[in-house]
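What you see is a predicted model; the values in this text were computed from it and never measured.
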Amino acid sequence: MKREPDYKLKKRLERMEHEKKMNRTYNRNWIICIGSLAIIILAIFVFGGK
C-alpha cells in the first residue's frame, strides 16, 4: 500500500514540471509576438513619416 501515494505524487510532480515548461514556452512565444508587432509598428511610423 505504501507505493500508491508515491506514484500519485510522482505523477503530480511530472505534470507540474510539464506545465512550467509549457508556460515558459508560451511566455517566450508571446514576447516574440509582441516584439515583432512593435518592430512592424515602428517601421510603419519610420517609413510612413517620410
What's the separation between atom CZ in Phe47 and atom CG in Leu42, rounded to the nearest 0.5 Å? 9.5 Å

CZ of Arg15 to CZ of Arg12, rounded to nearest 0.5 Å, is 8.0 Å

Nearest 0.5 Å, what's the CD-CG distance between Glu14 and Leu9? 10.5 Å

In this structure, which one of Arg28, Lys20, Met22 forms a side chain to side chain contact (heavy atoms under 4.5 Å, CB included) with Arg24? Lys20

Find the distance between CG (Asn23) and NE2 (His18) and round it off to the nearest 0.5 Å. 10.0 Å

